[in-house]
Amino acid sequence: MSLINSKEAAPAHTVVVLDFETTGLSPNQGDRAIEIGAVKLENGVVVDRFQGLMNPGFRVSPFIENYTGISNRMLADAASCDEVMNEFANFIQGCNLVAHNASFDKRFLDGELALIQREYDGDFACSLLVSRRLTQEASSHKLGDLVAYHQIENDGVFHRALADAEVTASLWLVLLETLEREHGIVNPSFELMMKIGKTPKASIANFLKKNR
DNA sequence: TGCCAGGCCCTCTTTAGGGCCTT
């Protein structure tokens, strides 16, 4: 686990962009987190990072080993989910959160924090939902496809938590820039980004005009 | 025995079905 400078309370405008690697798709079916990666953004600048492998207490499937590159051998030496998630709960304190397909990451965040009786106080926004509204011409809104579409700088690593969190943060900044460049909305609030994600696609143009 | 996620969103919709997206 790597952790940098996370002890101070975050300013209200701080956003944590996070990504989980997990044993499967559903915590309700017994799946657990095996890696968390996150970057902390302040005014569009990365000021902190968090990355931690965690041992779920059982072997992961060959599919997950191949998909993520995270092996059972790597997890055998990792800290427990409890230990890592406790540190991560400290990291996100006072921050709003962003993830690509946030409903997925939120389920695992809620599930893992419930197991250690921790909570978070931020709101969760989804880069996938915002992307579907602001770049409707994109043929796919998979994270990797959007990275290529927007020519976002990357190190070629995908399906690892910190690498995916890094490019999701870059995507989030691209979406903020798109709002300013194409819709005249400068420095949109986190609350506005959440509303954009929840606004029906059919009425998004009018919504953006009203919020200039 | 066989099945097994869940939310969003579109359409040949709303008393439904299926694709997209996340691991």
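Every chain is numbered from 1, with letters handed out A, B, ... down the list of sequences. Remember, predicted model here, so these are calculated numbers, not experimental data.
- Scored by the side-chain hydrogen bond (donor to acceptor under 3.5 Å, both in side chains) test, T23(A) finds D31(A) as partners (sequence neighbours excluded).
- Across dC21(B) and dG2(B), the matching P atoms stand 33 Å from one another, rounded to whole Å.
- dC4(B) and dT11(B): their C1' atoms are spaced 27 Å apart (whole Å).
- Partners of E112(A) under the side chain to side chain contact (heavy atoms under 4.5 Å, CB included) rule, at least two apart in sequence or in another chain, are R32(A), A33(A), C81(A), M85(A), L115(A).
- Every salt bridge (Lys or Arg N to Asp or Glu O under 4.0 Å) that R160(A) has, sequence neighbours left out, goes to E35(A).
- Partners of H159(A) by ring-ring contact (aromatic ring centres under 6.0 Å, His included), not counting sequence neighbours, listed by chain and number: Y67(A).
- I204(A) places its CD1 atom 16 Å from the C1' atom of dC10(B), with the value rounded to the nearest Å.
- Here, dC8(B) and dC12(B) have their P atoms 23 Å apart, quoted to the whole Å.
- The gap from the P atom of dG17(B) to that of dT13(B) amounts to 12 Å, rounded to the nearest Å.
- Rounded to an integer number of Å, the gap from CG of D31(A) to P of dC4(B) is 15 Å.
- When side chains are defined from C-beta on, L192(A) counts as touching S189(A), because their heavy atoms get closer than 4.5 Å.
- When the P atom is used for both dC3(B) and dT22(B), the distance is 27 Å, rounded to whole Å.
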Under 3.5 Å, N/O pairs linking protein and nucleotides 18-22 of chain B:
unit_1: dC21(B); atom_1: OP1; unit_2: H141(A); atom_2: N; d: 2.7
unit_1: dC21(B); atom_1: O2; unit_2: N101(A); atom_2: ND2; d: 2.9
unit_1: dT22(B); atom_1: OP1; unit_2: L143(A); atom_2: N; d: 2.7
unit_1: dT22(B); atom_1: O4'; unit_2: N101(A); atom_2: ND2; d: 2.9

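- For the pair K40(A) and F91(A), the distance from NZ or CZ to the six-membered ring centre is under 6.0 Å and the angle to the ring normal is within 45 degrees.
- As a whole-Å value, the separation of D110(A) CG from dG6(B) C1' is 13 Å.
- The ring-ring contact (aromatic ring centres under 6.0 Å, His included) contacts involving residues 98-148 of chain A comprise F104(A)-F108(A), where partners must be two or more places apart or lie in separate chains.
- dA16(B) and dT23(B) have their C1' atoms separated by 28 Å, with the value rounded to a whole Å.
- Distance, L162(A) CG to dT23(B) P: 14 Å, rounded to whole Å.
- Residue contacts shown for E21(A) are limited to sugar-phosphate atoms, with no base heavy atom under 4.0 Å away.
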